[in-house]
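Working notes, beginning with the structure itself.
Computed over heavy atoms, backbone and side chain alike; hydrogens, waters and symmetry mates excluded. Numbered from 1 within each chain, the chains take letters A, B, ... in sequence-line order.
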Amino acid sequence: MLDIHFIREHSDIVKAGAAKKHIEVDIDGLLKLDDERRSLQQKVDDRRSEQNKISDQIPKLEGGEREVKIAESKLLKDKLQEDEKKLKEVLKQWRALMVQVPNIPDMSVPEGKEDSDNKEIRTWGEKKEFSFTPKSHVELMQKLGMVDLERGAKVSGFRGYFLKGDGARLNFALWQFAMNFFNEKDFTPVITPSLVRGESFFGTGYLPQSEEDLYKTQDDSYLAGTSEVAAMGMHANEMLDVKELPKKYFAFSPCFRREAGSHGKDTKGLVRVHEFFKFEQVVLSEASHEKSVEYHEELTKNAEDMMRALKLPYHVVVNCGGDLGLGQVKKYDIEAWVPTEDAYRETHSASYFHDFQTRRLGIRYRDENGDIKFAHSLNNTFMATPRLLVPIIENYQNEDGSITVPEVLIPYMGKDVIT
RNA sequence: GGAGAGGUGGCAGAGUGGUCGAAUGCGUCAGUCUUGAAAACUGAAGUCCUUGAAAGGGGACCGUGGGUUCGAAUCCCACCCUCUCCGCCA
C-alpha cells in the first residue's frame, strides 16, 4: 500500500508507475473518493465534537434542563449516524481502491510486458556441451529410482511426487548444505508456519489479488506459497527499535501453490509442483532506498554464491515492469540452465518493496531522532527444492545415466556418483 | 471435542455507564543534587486521522468487528487470541 498523501501529491508518478507495470488502476477515481472521504470525516468529526460538548454538560444538569439536552443530543445522534453510514461506504470503496494501487517500479526497471522482456544482466558458468544427447531429469531420476511420479499422482493428485532413495538423499544434502552456508552469516534461521491467517497475506500483497493461487482451509486460513508470508507477519503491528534493524531471517517452510494460472505448463517433472520446500531470505531494513538496494544485492549475491558453489550455470535477469508484482520496486530472477529445455529456468526471485508491505502490516520503527517510520522489506529465495534438483540432475548427468554428485554435496551424500 | 477464566499504555496492574486517554508501580527521557555515578527529588512522555505556514484546534483508539445508550474501557452479540482443567493425539 502506498501512502495516500504521496498518491495525492504525486499522482502523475503513481500513474506512470502503474502504467509501467501494466496494471490498470483508477487513480483519479481514488483521488475523488479521497476528497469525499476527507470532507465526510470532517463532518463526522464536527458532529462528534458537538455531541461530546453536550455529553459533558448532561451529567451536571438536573430535571428539565437535562431532558432538553438529552433530546438535543438524540437529534444530533441521528444526523451523526447518517453521516457515519455514508463515511463507512466511502471508506469501503476507498480501501478497495487503495489496495489495488501498485508500488512504483525503480527507474532501472526495464520497460516490458511479460517475462520475455526481462533483461539479462549477467551470466555465470559454461552451458555444458554433452557428447551425447542429454536426458531429462524425469527420465534420469525415474531410472535411478529417485522419484516416483506415477504413485505421486496416485496419492497426491496432479503434480504429486515422491522423492525417494538418492532423490530424497540429494534433497536432504542440499538442505544441510544450505544450513551450513548460512552458519556464519548474520541471519537468524527460522522455521515458519505454512498455515497462515489472511492478514499476513494481505500484508505481503498476496491477497486480495492472488487468492486463486492459494489453498484455503475450512477455517479460513491459507497455505503459504512462501515463508515470506509468515516471516513478514511475524513482526506485524510492532514498533521496533532502530537498533534491532536490519532483521535478517533465513526462513524455511513447506510451500503450497495451486498454480491456478499455470495449467498445461511444466506438467511433467519437478519444475512446477503444488507442494515444495523453500529456504527464503527475508530482511526488514531501515527506511532508506540505499539500504534496500544494498540488501537487495546482498540477498542476490548469497543465492548466486550458492549456485556457484554447486557449479550450476545460470544467468541473472532484471525483471521488466510488467513482470513485477504489485508491491515490488525491483526484482532479479536467477535462472539456472536446464539442458533438455535448452533454456534458463527460474530458481530464485529477489525483490525489494520499500515500505509497501510494512505499511500494510504495520511494521514500524523509531529512528535515532525518535521519528516513527515504516521499515523496508526485501526477500529472496535461497533454495527451493525439488525444483533445484532439476538443473543439478540434468547438468551433472553422464552418458550412462548416472549422476555425478556436485562436489560440495559429497560430504552430505556420502558418495560422489548416483547410479 | 467438553468446562471455566481472561485480553487495558513499553511492562505489571487498577478501573463495571458520564468529570477516564485512562489511577498506581516499574521502566524510559530531561533536570536538580554529585568530582562522576547510584539513590533521592522535580518534571516530561502514547498512536492514528484531520485541519493549520506554525502555534494550536477537532476526532478516533482500552484484542477485532457490530449493537444498546443522549453518553461505553465498563452493558449485549459475533469473532480472534491467551491461560487452566478434562478428553484425544505426533
May I ask you to say what [X] touches in the nucleic acid, namely base, sugar-phosphate or nothing, with a heavy-atom cut-off under 4.0 Å?
{"X": "A/K43", "value": "nothing"}
{"X": "A/R197", "value": "sugar-phosphate"}
{"X": "A/E72", "value": "nothing"}
{"X": "A/R359", "value": "nothing"}
{"X": "A/R37", "value": "sugar-phosphate"}

When the [atom1] atoms of [M] and [N] are compared, how many Å lie between them, rounded to an integer?
{"N": "B/C79", "M": "B/G2", "atom1": "P", "result": "12 Å"}
{"N": "B/A22", "M": "B/C77", "atom1": "C1'", "result": "26 Å"}
{"N": "B/G63", "M": "B/A73", "atom1": "C1'", "result": "12 Å"}
{"N": "B/A72", "M": "B/G21", "atom1": "P", "result": "11 Å"}
{"N": "B/A3", "M": "B/C20", "atom1": "C1'", "result": "35 Å"}

Residue [X], side-chain atoms from C-beta onward, closest of [options]:
{"X": "A/S49", "options": "B/G59, B/U50, B/C48", "answer": "B/G59"}
{"X": "A/R364", "options": "B/G71, B/U50, B/C48", "answer": "B/C48"}
{"X": "A/K77", "options": "B/U69, B/U47, B/G66", "answer": "B/U69"}
{"X": "A/R48", "options": "B/A60, B/G66, B/G18", "answer": "B/A60"}

Nearest whole Å is fine: how far is [N] [atom2] from [X] [atom1]?
{"X": "A/D56", "N": "B/A72", "atom1": "CG", "atom2": "P", "value": "12 Å"}
{"X": "A/Q81", "N": "B/U68", "atom1": "CD", "atom2": "C1'", "value": "11 Å"}
{"X": "A/D219", "N": "B/C79", "atom1": "CG", "atom2": "P", "value": "13 Å"}
{"X": "A/N237", "N": "B/C48", "atom1": "CG", "atom2": "P", "value": "13 Å"}
{"X": "A/R66", "N": "B/U19", "atom1": "CZ", "atom2": "P", "value": "13 Å"}
{"X": "A/R38", "N": "B/G58", "atom1": "CZ", "atom2": "C1'", "value": "16 Å"}
{"X": "A/I58", "N": "B/G18", "atom1": "CD1", "atom2": "P", "value": "13 Å"}
{"X": "A/L40", "N": "B/U51", "atom1": "CG", "atom2": "C1'", "value": "16 Å"}

Distance-only side-chain donor-acceptor flag, A/T226 / A/K278, under 3.5 Å: yes

A/S227 side chain to A/E280 side chain, donor-acceptor N/O pair below 3.5 angstrom: no

Salt-bridge present (A/K74, A/D78; N to O < 4.0 Å): no

Centroid-centroid under 6.0 Å between A/F182 and A/F279 rings: no

Ring centroid separation A/F172 to A/Y412 under 6.0 Å: no

Position toward the 5' end of RNA chain B (nearest nucleotide), A/Q42 or A/E199: A/Q42

Earlier contact from the 5' end, RNA chain B, for A/I372 and A/K74: A/I372

